[in-house]
Each structure stands twice: as C-alpha cells, then as structure tokens.
Amino acid sequence: MTKNNKNTKVFSPAVNIILFDMLLIITPFLMVTNYLQTSIRELSHLSFSLFDINIPIILSVVIVLGLIGLIPNLGKLSASRTISLAYIIIMVFIGHNVSDYYLDLSFFDLQQNWHYIAYGLFAFVMYRALKHKNLPYNKLITIIFFKALIISAIDEGFQYFISNRIFDLCDIAKDSFGSVMGIIFVLFFIENGRILDNFKNIRNKKIGDYFRNPISLLFIYMIFAIALVSVSSFLTDTALIFEAVSISLAITIVLLILIHLTTIKIGKYAISVISALVIISVIYSAVSNSDSGAEYSGENTILYRGLPIIYFDVMLYSDGWFRLVDKKDYFNSVDLQTILKKEPDILIFSKGKNNIGGQGLEAIKSTRVPQFIYNPNTGRGTQLAILENKKAIEEFNRLKKNNKNVILIYHH
C-alpha cells in the first residue's frame, strides 16, 4: 500500500464519522470536568459598546464570518441556496422561542445553539461518508436522522450518571432538530436543490409514498423534530418522557393525515372549511372574552379568555396573553429571575392537583403574610403567593379585574 493510500484511509469519510461520533459523546464530559459550560455562558454574554449601544461579540463574529463567506460567492447564491439558508434561520428562531424559556437564553447564545451546530455538522459528515454509496435520498435522510437520534440518546444516557447532569429529552430533540437543519443544508445548499429534479411535492397519493418520497420524508422528520423540541420543553421532567414522545408522535401523525386528506378533493374542501371555522371560533372567543379571566374546569383543564388549556402548565398575563411553560413543581433562582423580567407587581404560583407546586419558595409557602422579593428590573418589590389551584385562579381574576399587573403560573 502506498503512502498516499494510507493517508486516504486515515482521513477517509468513514474514519471522520467515527471520530465525530466520539467527539459528540465526549464533549459533555470535557465541558463538565473542565467547567467549560460556565466559560461558554460568560463568553455568550460578552459585548462591546459602540455609540452607547451594547453589541454582543458572538453575534458580531457570526455576522462578520457570514459576510466573509457570502460576499465572494454571491454569484453562486441560487434561489435554492437562499431559501435553504433562510429556512434554517427560521428553524433556529423556532427552536429558540419554544425551548428553555426559564433559562432566558439569547438567540445567539453558544450553549443554546451548540446542539444545532454540532448535529448540523454531523449531518454534513454523515453525508460525506455515505454519498459515494449512491443511496437513494430517502435512505440517506433516514440514516442521518436516526443515527443522530441514537448518538444523542447515548450521549444523554451517559450524562445521567454524571454528577450535576441529567438525562434531558429536550437536548435530544434539539440534536434531532439540528440534524434536520444539516440535511436541509446538504440537500438544498451544497447540492443546490438537485433533489427537486425528481421530487417536488410533499403530498402523495399513497401513504407508503410518504416514506419513499425524500421531500415528504424530510418534512415528516422536521415536523416530528419541531413537535419534540416544543413538547419536551414543556415536559422536561424525566418522569414525563413517555408523554412527551407520545404527544410529539401524535402531532406528527395527525398533521400527516390532514396533509394526506388534502389530496382528495372533498378532503381538501372539508379541511379548509373546518380550519376556517376553528380559526374564526378561536378569534371570536378570544375577542368576546377579552375582559374575562381564567376559569377552573377540572384537574387538567382551565379556560382563559374562552380558550381551553389542557394538561400543560401555563403562564397567564393580566393583559390577556398567555404562553405554555415548563410543567414543573420546583423553581430555582434562575427561573424566578426570568419571570421577574416580565415586571409583574404580583406573582402567583398554583400548587397543582398534588399540592406540591411552587417548591423552592418555601419561605413564601409557610406563611399567610404577603411576601415580597426585590425585582432588579423595576427597582421595587414584587409580591409572591403560592395558592391552591382554584384559589389561585380566583385571586388572579380579582387582581386582573382591578387592573393589577399580575402573573399566574398555573400548574396542572
């Protein structure tokens, strides 16, 4: 064997993928043992001042590197490449807005985006290792997606046994989401959308074709990844892993069925009419109940402005808005800091059906005397209360009716 052949084998795509797999699994160990997570968090918040405006250093570096790579290649920036880049940015925004709410991470935070970067690169390395095999696109996409899931699950499984680390389904969801971003980058940027020469439509006449058509298959994986990122962010407790995966699969299957029904003429009209009626009903309910508060409808359901909120925990604002939040019993100082950024004058936690919600705030829990905590965002105290579910809703409604700036974190 010649020296050149030896070098070829040493740096072959197969060797690269093995080394990259090892790197993905070893990285969390290196970060924990060397306290790199703290350093990365601090690095993500570094900024410099320009005309009295604080500009994040990480964001500036990303923009500069992007321009350096983009400007010389503007002539090669086809519609497929432009749309794929825009699509990936939108996916990052989606991931940022549905996950890690209480951590309050910025869009450009390195810790937040590590999963997308690492597994996007993983998809690229896998693509290089497999492309010479001339696999059909549907097999190529499936191998990359599921191997990313397996590597991520192994990674999280090891972290379960590390001190100060936990098995986090949401991290697996982000990794799978990152692999989808990488696949999109490979197929529509590197290959310049060549896949569209033979496959153009997401919808198919037969159910089995959704798994043979690579565009449909990629869409299914993307929907599942988005659903898993969203749901696992609201169900972070390891005891709720089965529920999180089941709900994500159910969302994916329901959407696939609805999309498939649009291939039938009567199905298309029926779904259009039903969708329009649902949207109109939701808007009408929200508008007609704009001044109403929350209503207790059982252990797993409340109504807010006429809209049912089932099973998931929710943060209710006195201005009528709401958002789903992590289903949790315990709140730490970081959680509280994030909530206080909403600048409420009064903050209510409900105890949940098991009467254990609001843990971590024992000093408030043990007395009936109103408790206040200093809010650095307002420069004044915020009143805190932990109440039983019905009482929490009654108190929220009373304060909302009296135009108080109140937030209720309702725990089912």
Side-chain angles (χ1 to χ4, degrees), residues 37-38 40-47 54 56 58-59 92-115 164-166 168-171 173-174 229-237 240 244 304 309 312-352 356-365 371-387 392 396 399 404-412:
Q37 279 189 308
T38 303
I40 290 173
R41 189 180 302 114
E42 292 174 353
L43 178 62
S44 297
H45 289 86
L46 290 178
S47 63
N54 284 328
I58 292 297
L59 182 61
V92 174
F93 267 107
I94 290 172
H96 172 70
N97 283 287
V98 300
S99 62
D100 296 329
Y101 172 74
Y102 284 128
L103 289 181
D104 194 33
L105 299 174
S106 59
F107 171 71
F108 48 83
D109 190 280
L110 286 175
Q111 188 176 350
Q112 163 84 352
N113 293 305
W114 161 250
H115 299 276
N164 297 324
R165 302 289 293 183
I166 60 171
D168 192 345
L169 179 63
C170 191
D171 282 353
K174 291 176 190 173
V229 166
S230 304
V231 176
S232 63
S233 297
F234 304 139
L235 304 176
T236 58
D237 192 325
L240 300 174
Y304 189 49
I309 301 171
F312 293 99
D313 285 9
V314 62
M315 182 182 291
L316 306 181
Y317 306 103
S318 54
D319 62 3
W321 291 99
F322 68 90
R323 68 157 291 148
L324 299 182
V325 290
D326 187 2
K327 192 179 184 71
K328 62 195 300 181
D329 301 319
Y330 185 91
F331 293 84
N332 58 36
S333 58
V334 175
D335 301 331
L336 196 57
Q337 289 171 17
T338 300
I339 299 167
L340 291 176
K341 286 184 179 179
K342 298 296 180 181
E343 302 185 356
D345 294 323
I346 305 164
L347 180 57
I348 302 172
F349 294 84
S350 82
K351 293 183 179 181
I356 56 175
Q359 293 184 57
L361 307 169
E362 285 78 7
I364 306 163
K365 204 171 182 180
Q371 298 292 307
F372 288 84
I373 185 170
Y374 177 72
N375 188 342
N377 303 286
T378 60
R380 59 179 184 271
T382 294
Q383 183 177 336
L384 281 80
I386 302 175
L387 305 170
F396 173 78
L399 294 167
K404 301 294 184 181
N405 182 14
V406 57
I407 287 178
L408 166 62
I409 298 178
Y410 187 84
H411 178 51
H412 277 104

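We use all heavy atoms of the structure for the numbers below, so side chains are in, but hydrogens, waters and symmetry mates are not.
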I'd like to check Q337 versus Y102 (side-chain heavy atoms, cut-off strictly below 4.5 Å). Are they in contact? no
If you round to the nearest 0.5 Å, how far is OG of S350 from CG of D313? 7.0 Å
K341: what forms a salt bridge (charged side-chain N to carboxylate O under 4.0 Å, His left out) with it, not counting sequence neighbours? D104
A side-chain contact here means heavy atoms from C-beta on lying under 4.5 Å apart; do L336 and F331 qualify? no
Could you tell me the separation between the CG atom of L169 and the CG atom of L240, rounded to the nearest 0.5 Å? 10.0 Å
Do I407 and I346 have side chains that get closer than 4.5 Å, going by heavy atoms? no
Could you tell me whether the side chain of S232 and the main chain of A244 form a donor-acceptor pair under 3.5 Å? no
Side-chain contact test, heavy atoms from C-beta onward, threshold under 4.5 Å: evaluate it for V314 versus L408 and give yes or no. no
Does the pair K351 and D329 meet the rule for a salt bridge (charged side-chain N to carboxylate O under 4.0 Å, His left out), with working shown? CA-CA 8 Å; K351 293 183 179 181; D329 301 319; over 6 Å; no
CD1 of I309 to CE of M315, rounded to nearest 0.5 Å, is 12.5 Å
Do V406 and F396 make a side-chain contact, defined as non-hydrogen atoms from C-beta onward lying under 4.5 Å apart? yes
Side chains of residues 320-328: which donor-acceptor partners sit under 3.5 Å, not counting sequence neighbours?
{"from": "D326", "atom 1": "OD1", "to": "T236", "atom 2": "OG1", "distance (Å)": "2.9"}
{"from": "D326", "atom 1": "OD2", "to": "T236", "atom 2": "OG1", "distance (Å)": "2.7"}
{"from": "K327", "atom 1": "NZ", "to": "Y311", "atom 2": "O", "distance (Å)": "2.5"}
{"from": "K328", "atom 1": "NZ", "to": "D335", "atom 2": "OD1", "distance (Å)": "3.4"}
{"from": "K328", "atom 1": "NZ", "to": "D335", "atom 2": "OD2", "distance (Å)": "2.8"}

Sub-3.5 Å donor-acceptor pair from the side chain of N377 to the main-chain atoms of E343, do we have one? no
Quick one: does D345's side chain get under 4.5 Å of K404's, heavy atoms only? no
Check whether any side-chain N or O of Q359 sits under 3.5 Å from a backbone N or O of I356 as a donor-acceptor pair, and report yes or no. yes
Under 4.5 Å between any side-chain heavy atoms of S99 and K174, yes or no? yes
Distance (rounded to the nearest 0.5 Å) between I339 CD1 and L347 CG: 5.5 Å
